[in-house]
Amino acid sequence: MDGDKGGVADASIGSGVAAPGSPWRRDDGMATVEYALVTVAAAGFAGLLLVILKSDEVRGMLVSILQGALGG
């Protein structure tokens, strides 16, 4: 075993990250996790927009913009 460099023991020695193609490196669920994080971020952004648009100041500005655009 002295000259054997293809063993499992050297797949991630020193770097803390498994080498590409290593049996210890798995990213099967990464796309699902990324979609979940984007969905959570989008829901948070939508909630923030909802809070902003419900405020009286913003509502007043939007109404005045619409009235000006409609000629009222």
Side-chain angles (χ1 to χ4, degrees):
M1 276 239 194
D2 290 339
D4 186 17
K5 296 237 181 220
V8 175
D10 66 342
S12 64
I13 293 176
S15 68
V17 177
S22 168
W24 300 106
R25 184 177 181 135
R26 306 240 357 200
D27 59 357
D28 293 343
M30 287 304 293
T32 305
V33 172
E34 290 167 0
Y35 287 131
L37 288 174
V38 169
T39 303
V40 169
F45 186 67
L48 179 65
L49 281 177
L50 186 65
V51 168
I52 290 172
L53 292 176
K54 280 186 145 186
S55 69
D56 292 333
E57 297 85 14
V58 174
R59 184 176 295 191
M61 284 189 288
L62 290 174
V63 167
S64 68
I65 290 171
L66 287 174
Q67 286 177 345
L70 296 176

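The shown structure was predicted, so the numbers you read here are calculated from the model rather than taken from an experiment.
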Would you say [Y] ends up clustered with [X] if hydrophobic residues are merged whenever their side chains have heavy atoms under 4.5 Å apart, either directly or through other cluster members?
X: Phe45; Y: Val40; answer: no
X: Val63; Y: Val58; answer: no
X: Leu48; Y: Leu62; answer: yes

Quiz item: Can you tell me how far CG of Leu53 sits from CE of Met61, rounded to the nearest 0.5 angstrom?
Solution: 9.5 Å
